[in-house]
Amino acid sequence: MSETSPKLRAELEGIPTYKPGKPAAAGGPVAYKLSSNENPYPPLPGVLESVTGAAASFNRYPDMACTGLMNELSDRFGVPLTHLATGTGSVGVAQQLIQSTAGPGDEVIYAWRSFEAYPIITQISGATSVQVPLTSGEVHDLDAMAAAITDRTRLIFVCNPNNPTGTAVRRAELERFLDRVPSDVLVVLDEAYREFVRDVEVPDGVEFYRERSNVCVLRTFSKAYGLAGLRVGFAIAHEPVAAALRKTAVPFGVSQLAQEAAVASLRAEDELLGRVGSLVCERNRVVESLRGQGWTVPDTQANFVWLRLGERTVDFAAACEGAGVVVRPFPGEGVRVTIGEDEANDIFLKVTAEFRKDL
């Protein structure tokens, strides 16, 4: 009897693999990891204690409804509970959004390059990706994205600030874009780095959610809040979309530890804002230093910087690793470098100064 393999969905063929930031090598020369946009600070005050307390009962299932966290988010953002949904990081919620809106024959529009999970989760659903190139200034080309909308378009991602370039679209241009999007197409404002924004013209997506039923806002506790290892994110959307997200959620996906940590983090926002402010100051120092060395650096509103290096990308990443920092290369395009500890940033800037001499 001949053996055959189980039949799998054809849509899974050729799905790109998500590439996490490379970790610092154990026992090697690399001392700092600047490849994953992680917060270099330890957990906020009270968070570790809340997680430790919750750990005593992790033989039990978590609260599937995330009741405490949902109530906290409802109060924090002034939105109804029915307009909220949680998930395993904002990327988990993004996958639920596509599951809820798009399948074979449907299209999902997003800028490129943008968050590398978008093509993966789109292809998993069986939908078709429509990638719209960034402008020469590394910003979303909203006019081109609007022109790409067809009767097959079901969802549009606007990553703001954009990962990996750090650039952000401003209020007036985003509003013009939303005016052009049909009301039955969902626009997802992916704001994983919202807390780092300092340009007053870059809007809080919740403003647009309040005015438009086809706008959904994604947020995460992984970046500014420093809970990357606990996997908790959320969406703010009008009731039909939020209800669909709750239907497509993995049961008990957000652990009780993550729920308790997120609540404690929200209650420590004064400390959070201080830490974020320090990272923004360090971001400004790094950008000014790079420009002083002669680099072209896009205006970043996130906790990272982007250097377009083309064919020199892999060489630059290797030079950084040799010096003691690991960065995130996108071969043939550029590198994304997280703003980390001051010492790590100094090493990175030393590498850029030396590398610049050879360009």
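What you are looking at is a predicted structure, and each value in this text was computed from that prediction instead of being measured.
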> Which residue pairs pass the ring-ring contact (aromatic ring centres under 6.0 Å, His included) test when at least one of the two sits in residues 162-190, sequence neighbours left out?
Replying inline: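 Qualifying pairs: none.
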> Restricting to pairs with a member in residues 320-344, which pass ring-ring contact (aromatic ring centres under 6.0 Å, His included), not counting sequence neighbours?
Replying inline: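 Listed once each, the pairs are Trp306-Phe330.
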Looking only at side-chain N and O atoms, does [Y] offer a donor or acceptor that is under 3.5 Å from a partner on [X]?
{"X": "Arg219", "Y": "Ser90", "result": "no"}
{"X": "Asn71", "Y": "Ser74", "result": "no"}
{"X": "Asp63", "Y": "Gln256", "result": "no"}

>> Between Asp141 (side chain only) and Leu134 (backbone N and O only), is there a donor and an acceptor less than 3.5 Å apart?
In response: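 No, because the side chain of Asp141 does not come within donor-acceptor range (under 3.5 Å) of the backbone of Leu134.
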> Under the 3.5 angstrom rule, does the side chain of Ser114 hit a backbone N or O of Tyr110 as a donor-acceptor pair?
Replying inline: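 No, because the side chain of Ser114 does not come within donor-acceptor range (under 3.5 Å) of the backbone of Tyr110.
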> Take atom CZ in Phe58; do more than 12 heavy atoms of anything else shown fall under 6.0 Å from it?
Replying inline: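 No - once you tally the heavy atoms of other residues, nucleotides and ligands closer than 6.0 Å, there are 12 at most.
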> Around Glu311, counting heavy atoms of other residues, nucleotides and ligands shown, do more than 12 lie under 6.0 Å from its CD?
Replying inline: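 Atom CD in Glu311 is not packed in, count stays at 12 or less.
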Are the charged groups of [X] and [Y] less than 4.0 angstrom apart, N to O?
{"X": "Arg291", "Y": "Glu288", "value": "no"}
{"X": "Arg176", "Y": "Asp143", "value": "no"}
{"X": "Arg76", "Y": "Glu72", "value": "no"}

Taking [Y] as the starting point, is it possible to reach [X] by hopping between hydrophobic residues whose side chains are less than 4.5 Å apart?
{"X": "Leu69", "Y": "Met64", "result": "no"}
{"X": "Val187", "Y": "Val217", "result": "yes"}
{"X": "Leu279", "Y": "Val197", "result": "no"}

>> Using the rule given for ring-ring contact (aromatic ring centres under 6.0 Å, His included), can you reason through Phe348 versus Tyr32, listing the C-alpha separation, both sets of side-chain angles and the distance that settles it, and then say yes or no?
In response: CA-CA 10 Å; Phe348 164 63; Tyr32 296 102; over 10 Å; no
